[in-house]
Amino acid sequence: METVKYNETFFLITLILLPLSSMEASSCDDYGNFQPYRTSFHFQAHKNWLNDPNGPLYYKGFYHLFYQHNPLAPYFGDIMVWGHSVSQDLVNWIQLEPAIYPSDPSDINSCWSGSATILPDGKPVMLYTGSDTNKHQVTVLAEPKDASDPLLREWVKAKGNPVMVPPSNVPVDGFRDPTTAWQGQDGRWRVIVGAEEKDSEKGMAILYHSDDFYQWIKYPVPLLESQITGMWECPDFFPVSVTGREGVDTSVNNSSVRHVLKASYGGSDCYVIGSYSSETEIFSADSEFTNTADDLKYDYGTLYASKAFFDSAKNRRISWGWIMEKDSSEDDIVKGWAGIMGLPREIWLGRSGKKLMQWPVEEINNLRARNVSLYNKKLESGSVLEISGITASQADIEVAFDLRGLENDPEISDLEEVDQAALLAGYSASVRGIYGPFGLLALASNDLAEHTAIFFRVIRRGNGYSVVMSSDESKSSLRDNIEKATYGTVLDIDPRHEKISLRCLIDHSVIESFGGEGRSVITSRVYPKIAIGEESRLYVFNHGTKGVTISSLEAWSMRKAQINSNAT
Ligand SMILES: *[C@@H]1O[C@H](CO)[C@@H](O)[C@H](O)[C@H]1NC(C)=O
Ligand SMILES: *[C@@H]1O[C@H](CO)[C@@H](O)[C@H](O)[C@H]1NC(C)=O
Ligand SMILES: *[C@@H]1O[C@H](CO)[C@@H](O)[C@H](O)[C@H]1NC(C)=O
C-alpha cells in the first residue's frame with residue numbers, strides 16, 4: 001500500500017443539491033448555551049454525568065433505563081446514583097427522579113452498577129454494587145415499593161443487605177456489577193459478579209447460588225476467569241438462540257441455545273461464546289479472552305460497560321452500552337454534561353455460530369424523515385461525491401458496495417497478503433490500496449479539513465479475500481485536546497460473493513457504524529469545530545486505485561427524539 005496525501009488526489013462532485021432541511025436540531029440548549037455536540041436521538045441525561053447503563057428492563061408497557069449518574073456535576077462523582085428514564089418506544093424518553101440512591105449502610109457511599117431480574121411472578125428485583133460505610137464493594141438488593149406502578153418510581157432496599165461481600169481472595173474494591181440472575185434446571189438462582197483476584201490480578205466472574213434470591217452462597221469456582229485481562233467489570237451472561245434472531249429469557253437452557261459471556265476490560269466489551277450446563281456449573285467457551293486485538297468485541301470503537309436484557313414484548317435481546325467523552329473534563333464542565341448511551345441494539349448469534357450480530361432496534365427507523373438515494377453508480381478512483389439533501393449532522397445512511405468479480409482483476413490477484421502491521425496502518429484512510437479505502441466521510445466540512453472517514457479496504461487472506469472496516473478520527477476535528485483514534489477490524493465478508501454494506505447513524509458528535517449487516521460495529525465520538533449543524537456535509541469517497549460500484553445508497557435525515565428534556 002502506498003501513502004498518498006488525501007487532498008492531492010480528491011476532486012469534488014456535487015450530485016444532488018436540495019435546500020437543507022429545517023429539521024436540524026438547534027445547537028442551543030434550554031438555557032441558550034451553544035451545544036453543537038448534544039445528540040438528537042442518542043440517550044443522554046438532561047444534564048451532568050452519565051456512565052454505565054443499569055438494570056434495563058421491560059415492565060407493564062414501559063422500557064426502563066437506569067444509568068450511573070452524578071446528578072450534581074458533569075464528572076464522575078463521590079456519590080453516584082441510579083438515574084432513571086422510561087419509554088414506550090425505546091426512542092423517546094421521560095426522565096424520572098433517581099430510582100436508587102445512597103440511603104443504607106451498605107450503599108451510603110454510592111450506588112454503582114447492577115442488573116434487573118424478572119422473577120417468575122413478574123416482579124423485577126435489582127442487584128447492584130453498593131459502596132458501604134467502609135467504601136467496600138458489596139452487593140445490595142432492592143425491590144419496587146409498589147409493583148403495580150408501571151413506572152417503578154420507588155425502590156426499597158432489602159433488610160438483609162448486603163447480600164454479598166467480597167470473598168477473601170478478592171480486594172474490597174475489586175468486586176462489582178452483578179448480572180441478571182438465571183434459574184438452573186434445579187430451580188436455584190445463579191448470578192455472577194465481576195472481580196479481580198488479589199495477588200494474581202486474574203479477571204473473574206464469581207458465581208453465586210440462591211434458593212430465595214435473598215441469601216446468596218458463593219460457588220467454589222468462578223464461572224470463568226482469565227489470567228491476562230485484569231479486573232472484569234460489568235460482566236454479562238445470557239443465552240442466544242442457534243436457530244435465528246429471536247431472543248430468549250436469561251434462564252433458558254436447552255439444545256437451541258448457546259451462551260455468551262461478556263466482560264468489560266481494557267476499554268472494550270469483549271466476549272466469548274460457549275456451552276453452559278447448570279448441572280455441572282461449567283461454562284466451556286469456544287475461545288479465550290486474549291487482551292489483544294484478536295478479542296471478539298461488541299464494538300471496535302468507543303463503547304463500554306454494556307448490558308443486555310430480554311425484551312419479552314418483542315422476543316428479542318437488546319444491548320445498551322455507554323459511549324464516553326473523548327474531550328477533556330474542562331470541556332465537559334463547559335458543556336454541562338458528559339456521556340451518552342449507544343443506540344439500543346438487538347443482539348443475536350450470527351449464522352456461523354462464531355460471532356454476535358448487532359443492529360439498531362427497528363424503532364429507530366421511525367425517526368427517518370426525508371431521504372435521498374442513489375443506485376448502481378460507479379465511483380472512480382479518487383472521487384468524492386457529496387450526498388446532499390439531508391441533514392448531514394443528524395442522519396442514517398445505508399450503502400452497499402459491489403465488488404463481485406474482483407478476483408478476475410490481475411492486479412488484485414497479485415495483492416500481497418497483509419500482515420498485522422499493514423493491517424493496523426490500513427485503519428488510516430490516507431493509506432491508499434487497490435480496492436479501498438472507500439466509504440463515507442461523515443461530519444465533514446465543505447473543504448474536507450474536518451471529516452471522519454468510515455471505510456473499507458479489500459485485503460488478501462490465505463487463498464481468499466477479506467474486508468477491513470475502519471473508522472479514522474484523525475481529521476475529525478480541528479480542535480486540540482481531543483482524543484482522535486483510528487479503529488478497525490476485519491469483517492467476515494468475501495467480496496467475491498457478497499456486497500459490502502455499511503450503515504452509519506450520525507448524531508452530531510457520535511457516529512455508530514454497522515458493517516456487513518451487523519457483523520462488526522465501530523463507534524466514533526468526535527467533536528468537529530466547523531462541520532457542525534448546517535455546516536456539516538456527508539460524502540461518499542473512493543481513495544483506492546480502482547473504481548468501485550455503489551449498488552445502492554439510501555440516506556435519511558433523522559428527526560429529533562424527545563430525550564429527557566422534561567426533566568423533573
Ligand atoms: C428451547 O427454549 C426455547 C424458549 O423457551 C424454545 O422456544 C425452544 O423451542 C426450546 N428448544 C428446544 C429444543 O427445546
Ligand atoms: C443446558 O443445555 C445443555 C445443552 O442442551 C445441556 O447439556 C445441559 O445439561 C443443560 N444444562 C442444564 C441442566 O441447565
Ligand atoms: C424516500 O421518500 C419517498 C418520498 O417520501 C418515499 O416514497 C420512499 O419510500 C422513501 N424511500 C425509502 C427507502 O425510505
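Position 1 is the first residue of the sequence; numbering continues from there. Just follow the structure's listing: the first ligand is 1, and inside any ligand the first atom is 1.
For atom 14 (O) of ligand 3, the nearest protein heavy atom lies closer than 4.0 Å. Atom 4 (C) of ligand 3 is never approached by the protein to below 4.0 angstrom, counting heavy atoms only.
For an aromatic pair to be called close, the ring centres must be under 6.0 Å apart, and Trp322 with Tyr67 fails this. The aromatic ring centres of Tyr37 and His508 sit 6.0 Å or more apart. Note: Tyr465 and Tyr435 fail the aromatic proximity criterion, with ring centroids not under 6.0 Å apart.
Of all the atoms in ligand 1, the ones that sit under 4.0 Å from a non-hydrogen atom of Ser255 are 13 (C).
Looking at Trp556 next to ligand 3, an N or O pair under 3.5 Å apart turns up.
Counting heavy atoms only, Asn254 comes closest to atom 10 (C) of ligand 1 of the residues Val242, Val257, Asp249, Asn254.
If you run side chain to side chain contact (heavy atoms under 4.5 Å, CB included) between Asp286 and each of Ile273, Val272, Leu296, only Ile273 comes through. In summary, of the residues considered (Leu261, Leu223, Ile282), a side chain to side chain contact (heavy atoms under 4.5 Å, CB included) with Tyr276 occurs for Leu223 alone.
Here the heavy atom of the protein found nearest to atom 8 (C) of ligand 3 is Asn371 ND2, 3.8 Å. In terms of protein heavy atoms, atom 9 (O) of ligand 1 is closest to Ser256 OG, 4.6 Å.
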Test side-chain hydrogen bond (donor to acceptor under 3.5 Å, both in side chains) applied to Thr243 and Glu246, step by step: CA-CA 8 Å; Thr243 54; Glu246 77 283 1; 3.3 Å; yes

